[in-house]
Asks: 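My questions will all concern the structure given below.
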Number of protein chains: 2
Amino acid sequence: MTRIDDVARLAGVSTATVSRALRGLPTVSETTRMRVLDAANRLGYTASPSASRLAGGRTGSIAVVVPRLTRWFFATVVEAADEALQRAAYDLLLYNLGGREQARQRLLHTAALHKRVDAVMLVATPLHADDVAAVTGLAMPGVTVSSGTAVPGWPSIRIDDVAAARTATEHLVALGHRRIAHISGDDADELAFSTHIDRRLGYREALREVGIEPDPDLDVEAQFTVAGGARATARLLQRDDPPTAIFAACDEMAMGALATLREAGLSVPGDISVIGVDDHDLAGAVGLSTVAQSAADQGRLAADTLLRMLCDEAPDERSQVPLPTRLIVRGSTGPPRAA
Amino acid sequence: MTRIDDVARLAGVSTATVSRALRGLPTVSETTRMRVLDAANRLGYTASPSASRLAGGRTGSIAVVVPRLTRWFFATVVEAADEALQRAAYDLLLYNLGGREQARQRLLHTAALHKRVDAVMLVATPLHADDVAAVTGLAMPGVTVSSGTAVPGWPSIRIDDVAAARTATEHLVALGHRRIAHISGDDADELAFSTHIDRRLGYREALREVGIEPDPDLDVEAQFTVAGGARATARLLQRDDPPTAIFAACDEMAMGALATLREAGLSVPGDISVIGVDDHDLAGAVGLSTVAQSAADQGRLAADTLLRMLCDEAPDERSQVPLPTRLIVRGSTGPPRAA
DNA sequence: CTGAAAGCGCTTACAG
DNA sequence: CTGAAAGCGCTTACAG
């Protein structure tokens with residue numbers, strides 16, 4: 001393949017000048033630059049990334065770590081981040097943990113990222129004390145998205161999960177519901193992934209505020225998936241005194257709830273109201289009320305923040321405050337049947 | 001950071017031996033290997049990827065190109081491929097085209113992939129004649145997934161889209177439908193991305209086989225999204241003589257159709273039947289009949305095939321034949337109202 | 001089984 | 001503004 005000295009020879013300059021010209025450094029005369037660009041074009045030259053990286057000390061790559069690409073929130077974050085990174089000519093190295101704790105361990109504690117990327121975006125990745133130490137030891141810019149654990153020096157992009165849950169619960173309360181169930185994450189399973197903890201907290205706060213003591217029987221754990229929400233709802237329906245409303249911690253769970261209710265022949269919101277969090281692509285299609293968050297905004301903001309950090313610019317101000325959420329009332333919530 | 005000569009010094013061997021020992025080459029004595037491993041561990045040494053790549057000539061990375069990560073099929077393919085690649089210790093470079101034709105052009109014609117990856121997986125990426133030439137010029141192993149255009153020497157992982165569409169259409173015909181609409185891709189928009197062309201073909205074949213001449217008015221173009229399916233369905237409902245059944249080219253479009261029908265106050269399948277293709281994660285939850293394909297199988301198989309090619313092994317036999325599809329009848333299809 | 005040395009293809013001070 | 005030379009940190013023939 002053609003190398004930098006081929007271009008240098010054709011353009012009649014040194015390789016150093018070719019390198020400078022091609023990277024757009026200011027210290028090259030306009031005529032020289034044109035000659036070099038022309039030569040490079042004629043030869044179809046592209047610099048070898050490995051060589052540039054070794055010599056230059058930067059990789060031009062950013063690692064994006066997600067728990068599960070097939071969940072709406074994560075795919076959307078990655079897609080938005082990818083667009084921003086592509087524009088800045090960074091490569092996106094994808095690490096999908098896929099629920100494999102071992103993959104998480106290997107990634108964090110094996111220096112796998114070490115000389116491989118310039119920065120890291122950790123999306124909803126559980127971090128224990130030793131993980132935080134490992135990640136800090138990377139000594140590179142990073143951001144967390146939707147993460148419960150703060151990493152010193154890393155901006156944290158997120159919504160206010162407690163507030164979002166309060167909004168959802170308050171909506172149900174305002175409609176007149178008293179027996180409100182909650183479907184959320186499994187504490188044992190999800191470790192420091194705190195989203196579900198905060199959403200549960202908001203749910204309880206909103207209930208207590210209006211004098212309702214949260215009923216542990218109505219607070220069920222499930223995976224953050226359609227199937228998880230469906231199973232949890234089936235369990236709720238077996239109670240002697242089932243709820244009149246369900247607040248699911250994400251839209252995928254809420255859609256699972258809708259499926260179970262439909263199969264059980266119950267009408268929504270006639271018999272039971274359902275609300276989620278996210279505003280999933282399909283939430284509108286199934287008429288699901290929800291507390292919307294923008295996964296795309298979070299992905300974009302996380303990428304932009306990282307890019308600024310890589311240029312030693314001050315982090316985006318917006319990365320300091322939680323992103324907004326918004327109640328969207330569709331057909332899945334309504335007043336309970338007159339008691 | 002610690003380099004290979006630090007390890008060599010501590011272990012009392014040459015850097016060549018460290019390199020061999022750490023990569024598990026067979027030409028190292030067991031005792032030496034132990035000494036080297038021990039030294040590397042003590043120093044927390046990991047080889048610099050850039051240096052290894054430059055010296056070794058392989059990047060250990062694979063490019064995965066998808067049109068849109070946020071569509072179920074593509075996210076699922078990538079997730080499955082990622083798992084296989086991670087296991088083989090390959091990095092996954094994600095290229096999400098996001099509908100940006102310019103991104104596709106840049107990727108294919110700019111030698112961007114050139115010395116950056118060892119192999120390429122092209123998922124549903126439109127390829128014109130000059131694109132095929134560019135991709136072949138890469139001179140590296142590759143596979144296509146769900147692609148209409150064959151690249152010489154590259155295995156093509158796919159289902160039989162014509163047959164899948166026939167299955168869906170025949171199901172509706174068997175239920176007694178005659179006015180069957182089809183919602184599929186936009187020819188102008190999607191170029192050589194042939195999935196929708198094949199599915200339209202299967203739809204027409206199945207109709208003609210039972211003596212029904214496809215009605216162009218019932219064959220509407222839309223984007224492969226929920227919103228696209230919803231809008232297309234709204235258009236169908238405006239016809240003087242609307243269809244009694246809709247075959248949507250993918251489940252996301254079908255779910256959009258369901259949404260529009262629900263909003264229009266029509267019952268499914270009482271007034272109109274709907275069937276899609278995919279078996280999307282949520283198809284079960286919304287009771288959508290569909291022709292299932294396994295995106296995960298395709299992603300896994302594509303990755304495995306690539307890995308074998310990189311080892312100069314014969315490609316997996318399964319990569320030679322279309323993967324199976326399967327009709328799944330749920331609640332969204334039924335006989336038309338007695339005329 | 002192991003080592004000395006060349007080489008992978010760039011970028012970066014350092015001079016000029 | 002430009003070039004000669006060193007160096008980035010590995011791997012790979014080639015010897016032995």
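These numbers were taken from a predicted model, which means no experiment stands behind them. What you see below is based on every heavy atom in this structure, not just the backbone, and it leaves out hydrogens, waters and symmetry mates. Convention: sequence-line order gives letters A, B, ...; per-chain numbering from 1.
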Asks: Which residue, B:Ile62, B:Leu310, B:Val120, B:Leu306, forms the side-chain contact (heavy atoms from CB on, under 4.5 Å) with B:Met140?
Replies: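 The side-chain contact (heavy atoms from CB on, under 4.5 Å) with B:Met140 is passed solely by B:Val120 among B:Ile62, B:Leu310, B:Val120, B:Leu306.
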
Asks: With rounding to the nearest 0.5 angstrom, report the CG to OH distance, B:Leu122 to B:Tyr95.
Replies: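 Rounded to the nearest 0.5 Å, the CG-OH separation comes to 12.0 Å.
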
Asks: Within residues 25-46 of chain B, find the residues that approach DNA chain D with a heavy atom at under 4.0 Å, and present them sorted by residue number.
Replies: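 Correct list: B:Tyr45.
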
Asks: Within this structure, what is the CE-CG distance for the pair A:Met121 and A:Leu93, rounded to the nearest 0.5 Å?
Replies: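 A:Met121 atom CE to A:Leu93 atom CG measures 12.5 Å (nearest 0.5 Å).
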
Asks: Search all heavy atoms of B:Ala303 against all heavy atoms of B:Leu85 and return the closest pair with its distance.
Replies: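 Heavy atoms of B:Ala303 and B:Leu85 come nearest at CB-CD2, 4.0 Å.
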
Asks: Are the charged groups of A:Arg300 and A:Glu83 less than 4.0 angstrom apart, N to O?
Replies: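 No, this pair does not count.
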
Asks: Quick test of your reading: applying side chain to side chain donor-acceptor pair (under 3.5 Å), list the pairs with at least one residue in residues 40-51 of chain A, sequence neighbours left out, ordered by first then second residue.
Replies: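 Matches after skipping sequence neighbours: A:Asp38-A:Arg42.
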
Asks: List the steps, then state whether side-chain contact (heavy atoms from CB on, under 4.5 Å) holds for A:Val143 with A:Ser156.
Replies: CA-CA 6 Å; A:Val143 298; A:Ser156 163; over 6 Å; no

Asks: Which pairs pass ring-ring contact (aromatic ring centres under 6.0 Å, His included) with one or both residues in residues 49-73 of chain A, sequence neighbours excluded?
Replies: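 Applying ring-ring contact (aromatic ring centres under 6.0 Å, His included) to every pair that reaches into residues 49-73 of chain A, excluding sequence neighbours, yields A:Trp72-A:His280.
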
Asks: Roughly how far apart are B:Asp297 CG and B:Thr76 OG1, rounded to 0.5 Å?
Replies: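 OG1 of B:Thr76 is found 11.0 Å from CG of B:Asp297.
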
Asks: For DNA chain C, which residues in residues 4-11 of chain B have a heavy atom at a distance below 4.0 Å?
Replies: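 By residue number: none to list.
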
Asks: Step by step, work out the side-chain contact (heavy atoms from CB on, under 4.5 Å) result for B:Leu108 and B:Val135.
Replies: CA-CA 7 Å; B:Leu108 262 28; B:Val135 147; 4.1 Å; yes

Asks: Among residues 50-60 of chain B, which residues get a heavy atom nearer than 4.0 Å to DNA chain C?
Replies: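 Output list: B:Leu54, B:Ala55.
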
Asks: For residues 135-155 of chain B, which residue pairs qualify under salt bridge (Lys or Arg N to Asp or Glu O under 4.0 Å), counting only residues two or more places apart or in two chains?
Replies: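 The answer is none; no pair qualifies.
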
Asks: Taking heavy atoms of chain A and a 4.0 Å limit, find me the 5'-most and 3'-most nucleotide of DNA chain C within that range.
Replies: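 Here the contact window of chain A covers C:dG9 to C:dA13.
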
Asks: List the atom pairs, with distances to 0.1 Å, where a side-chain N or O of residues 15-22 of chain B and a protein N or O form a donor-acceptor pair under 3.5 Å, not counting sequence neighbours.
Replies:
{"residue": "B:Thr17", "atom": "OG1", "partner": "B:Ser14", "partner atom": "OG", "Å": "3.3"}
{"residue": "B:Ser19", "atom": "OG", "partner": "B:Arg23", "partner atom": "NE", "Å": "3.3"}
{"residue": "B:Ser19", "atom": "OG", "partner": "B:Arg23", "partner atom": "NH2", "Å": "2.9"}

Asks: Closest heavy-atom contact between A:Arg158 and A:Ser147?
Replies: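 In terms of heavy atoms, the two residues are closest at NH1-O, 2.9 Å.
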
Asks: Take N1-N3 plus N6-O4 or O6-N4 for Watson-Crick, N1-O2 plus O6-N3 for G-U, both under 3.5 Å. Which runs of 3 or more such pairs involve DNA chain C?
Replies: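 Output for stems: C:1-3 with D:14-16, C:5-12 with D:5-12, C:14-16 with D:1-3.
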
Asks: Using 0.5 Å steps for rounding, measure from the CG atom of B:Leu94 to the CG atom of A:Leu94.
Replies: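 Nearest 0.5 Å value for the CG-CG distance: 5.5 Å.
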
Asks: What residue pairs, at least two apart or across chains, pass salt bridge (Lys or Arg N to Asp or Glu O under 4.0 Å) with a residue in residues 117-140 of chain B?
Replies: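 Passing the test, one end in residues 117-140 of chain B: B:Arg104-B:Asp131.
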
Asks: What residues, two or more places apart in sequence or in another chain, satisfy side chain to side chain donor-acceptor pair (under 3.5 Å) together with A:Thr27?
Replies: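 By the side chain to side chain donor-acceptor pair (under 3.5 Å) rule, A:Thr27 matches no residue at all.
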
Asks: Does the distance from a Lys or Arg side-chain N to an Asp or Glu carboxylate O, for A:Arg53 and A:Asp91, drop under 4.0 Å?
Replies: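 Yes, A:Arg53 and A:Asp91 are salt-bridged.
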
Asks: Listed in order of residue number, which residues of residues 16-24 of chain B have a non-hydrogen atom at under 4.0 Å from DNA chain D?
Replies: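 Those residues are B:Ala16, B:Ser19, B:Arg20, B:Arg23.
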
